[in-house]
Amino acid sequence: MDIDENTPLLSSDVPLNPRLEAQTPSVHAISRRLDALDVNQIRFEDVVNGFNFENNPTEVSFALAVLLHLRKKKKYIHPSDDLYGLWLAHEANIRDVTTLDNLLADIWTLFLAEYRSVRDIQTVLWTSFPVADGEGGNFGTRRVIDFLAEPDSPESLLSHPLISAAIEQVWINGARNEGPRNSGLLTRYDALSTPR
């Protein structure tokens, strides 16, 4: 039995693929660059342009993670004493979030336009990318599934049958980790020991 006992649904501190880490910028840095653009003008190419991903599912995963991060930032409104200004900012943010939700749904739909294996879908949901919050230099990793686990996630992704099925499958069976961690003695120990 080659199943990783660490539940990937809960842990967001998943180590990065070393090849991916070397060539992928911070999700925060790209979302900050996109934040300067008009949300109506953002395209898939704007998110992944200039980066060499090893496969399309990883590229889609990065684009979704960046756009979900940008969406999260757009939902936050800085407090102010100017009520009219707050209302205008709130209205603009609602429009931006709706536009981002549509873009996220479009990217997911285009990804599914051709046959995708379970591995492809899991790659999109569980690939970790570096995130620097920009405040104090806090670094960590985030996955698409981490963004979807937050309150007020985009309904179009959260309720998609394939995403629900992938989450259920990983919940029941665990995710296969192809990294060096699942080699040798650790794999044998994990297969023969009782669950934690």
When rounded to the nearest 0.5 angstrom, what is the spacing between OG1 in T127 and CD in Q122? 10.0 Å

What do the steps show when you test W126 against I167 for side chain to side chain contact (heavy atoms under 4.5 Å, CB included), and what is the final call? CA-CA 10 Å; W126 279 278; I167 291 170; 4.3 Å; yes

Quick check: closest heavy atoms across T123 and S61, and the distance to 0.1 Å? O-OG, 3.7 Å

Interatomic distance, L64 atom CG to F44 atom CZ [nearest 0.5 angstrom]: 8.0 Å

Looking only at heavy atoms, what is the nearest atom pair of V47 and F62, with distance? O-CE2, 3.8 Å

Is a donor on one side and an acceptor on the other found under 3.5 Å between the side chain of T98 and the backbone of I94? yes

To the nearest 0.5 Å, atom CG of L112 lies from atom NE2 of H160 at 5.0 Å

Check V39, L103, I30, V27 against L67 for a side-chain contact (heavy atoms from CB on, under 4.5 Å) and give me the one that passes. L103

Selection residues 101-118 - residue pairs positive for salt bridge (Lys or Arg N to Asp or Glu O under 4.0 Å), sequence neighbours left out: R71-D101, E114-R116

Once you round to the nearest 0.5 Å, how far does CD1 of I107 lie from CG of N102? 11.5 Å

At what distance, to the nearest 0.5 angstrom, does CG of L68 lie from CG of D146? 10.5 Å

How many angstroms lie between atom CG of L70 and atom CG of L34, to the nearest 0.5 angstrom? 6.0 Å

L148 backbone acceptor or donor facing S153 side chain under 3.5 Å: yes

Mind checking who shares a hydrophobic cluster with L88, ILVMFWY linked at side-chain heavy-atom distances under 4.5 Å? Y84, W87

Measure across I163 and L157 and return the closest heavy-atom pair with its distance rounded to 0.1 Å. CD1-O, 3.2 Å

Taking only residues two or more places apart in sequence or in another chain, which ones pass side chain to side chain donor-acceptor pair (under 3.5 Å) with T99? N40

Going only through I, L, V, M, F, W and Y residues with side-chain contacts under 4.5 Å, is there a path from L110 to I121? no

When clusters are formed by joining ILVMFWY residues with side-chain heavy atoms under 4.5 Å apart, either directly or through shared neighbours, do L162 and V60 land in the same one? yes

Measure across F129 and T58 and return the closest heavy-atom pair with its distance rounded to 0.1 Å. CZ-O, 3.6 Å

Can we say D35 and K74 salt-bridge, meaning some charged N sits less than 4.0 Å from an Asp/Glu carboxylate O? yes

Salt bridge check, K75 against E150: does any charged N sit closer than 4.0 Å to a carboxylate O? no

For residues F111 and V124, report the shortest heavy-atom separation together with the two atoms involved. CZ-CG2, 3.5 Å

Backbone N or O of D46 within a donor-acceptor pair of the R33 side chain at under 3.5 Å? yes

How about I145 and V170: do any of their side-chain heavy atoms sit closer than 4.5 Å? no

